[in-house]
Participant: 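Have a look at the structure that comes next, please.
The residues of the chain are indexed from 1 along the displayed sequence.
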Amino acid sequence: MVTTVDKAGVDRAGFETWVTPRLPGLLRFAYLVTGSRDAAQDAVQGALAAAYETWDHVSTRAQPDQYVRRMIANSHVSQWRRIGRREFSVAEPRGGSAADSTEQIAEHDAVWRMCLGLPPQQRAAVVLRFYEDLDYREIARVLDISEATARSHIHRALITLRIQLTSEDLP
């Protein structure tokens with residue numbers, strides 16, 4: 001097997017082999033964490049650029065996928081802290097296929113808007129738990145927090161969502 005090493009000494013072929021099948025999943029994860037396609041692309045691009053620069057270190061980790069996901073989540077939280085909490089309108093319709101009824105799409109959109117109201121750490125924990133189907137220990141590792149904090153983030157997020165659901169009627 002021939003490895004292609006760039007000027008910085010990074011195994012370019014190894015990185016490309018790793019990232020190519022994972023890119024769509026990383027973009028989906030980033031979209032769910034950020035709530036915006038543009039912010040998701042920026043977060044993934046930044047995380048992959050950083051991972052590429054330190055690929056020798058990242059590739060030797062037990063689970064480089066989780067390491068890069070943590071980089072994406074941390075990047076989003078850092079940006080959120082820098083610019084402050086703002087609401088972003090999303091013009092993209094929610095839903096899987098054209099066969100979805102209008103009622104289902106409206107319900108998905110309402111739930112997504114509620115999730116966007118969660119603090120970034122809580123939203124990332126909820127996405128990892130219910131979208132990525134990770135357990136609390138894995139969530140803690142991805143977000144670089146304790147397992148108890150991961151449980152707390154999810155618990156608080158679910159309480160907030162329940163309160164919103166009982167106070168608002170979904171369309």
Participant: Closest approach of Ala125 and Ile139, non-hydrogen atoms and distance?
Facilitator: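 Smallest interatomic distance, heavy atoms only, reads O-CD1, 4.0 Å.
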Participant: Determine whether Arg69 and Glu132 satisfy the following criterion, side-chain contact (heavy atoms from CB on, under 4.5 Å), listing intermediate values before the conclusion.
Facilitator: CA-CA 11 Å; Arg69 280 192 178 107; Glu132 293 288 329; 3.3 Å; yes
Participant: Quick one: are Leu143 and Gln121 in side-chain contact, heavy atoms under 4.5 Å?
Facilitator: yes
Participant: With the side chain counted from C-beta on, respond yes when Phe29 and Asp65 share a heavy-atom pair under 4.5 Å apart, and no when they do not.
Facilitator: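 Not in contact.
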Participant: Please round to the nearest 0.5 Å and tell me the distance separating atom CG of Leu26 and atom CD of Gln45.
Facilitator: 13.5 Å
Participant: Which pair of non-hydrogen atoms, one from Trp18 and one from Val68, has the smallest distance, and what is that distance?
Facilitator: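 Answer, listing the atom of Trp18 first, then Val68: CH2-CG2, 3.5 Å.
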Participant: Any side-chain heavy atom of Tyr31 within less than 4.5 Å of one from Gln41?
Facilitator: no
Participant: Taking the side chain as every heavy atom from C-beta outward, state whether Ile154 and Tyr136 have any atom pair closer than 4.5 Å.
Facilitator: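 When only atoms from C-beta onward are counted, Tyr136 and Ile154 do touch, with a gap below 4.5 Å.
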Participant: Side-chain contact test, heavy atoms from C-beta onward, threshold under 4.5 Å: evaluate it for Leu48 versus Leu23 and give yes or no.
Facilitator: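 They are in side-chain contact.
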Participant: Looking at every heavy atom in both Arg141 and Gln66, which two are closest together, and how far apart are they?
Facilitator: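 So the minimum-distance heavy-atom pair works out to NE-OE1, 3.1 Å.
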Participant: Measure the spacing between CZ of Arg123 and OG1 of Thr34 and express it to the nearest 0.5 Å.
Facilitator: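 With rounding to 0.5 Å, CZ (Arg123) is 7.5 Å from OG1 (Thr34).
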Participant: What is the minimum heavy-atom distance between Gly35 and Leu116, and which atoms define it?
Facilitator: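 In terms of heavy atoms, the two residues are closest at CA-CD2, 3.6 Å.
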Participant: One pair to check against side-chain contact (heavy atoms from CB on, under 4.5 Å): Val126 and Arg129. What are the steps and the verdict?
Facilitator: CA-CA 5 Å; Val126 167; Arg129 178 69 183 108; 5.8 Å; no
Participant: Should His57 and Tyr67 count as side-chain neighbours, where that means a heavy-atom distance under 4.5 Å?
Facilitator: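 Yes, side chains in contact.
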Participant: With a 6.0 Å cut-off (strictly less than), is the heavy-atom count around CZ of Arg156, excluding the residue itself, greater than 12?
Facilitator: no
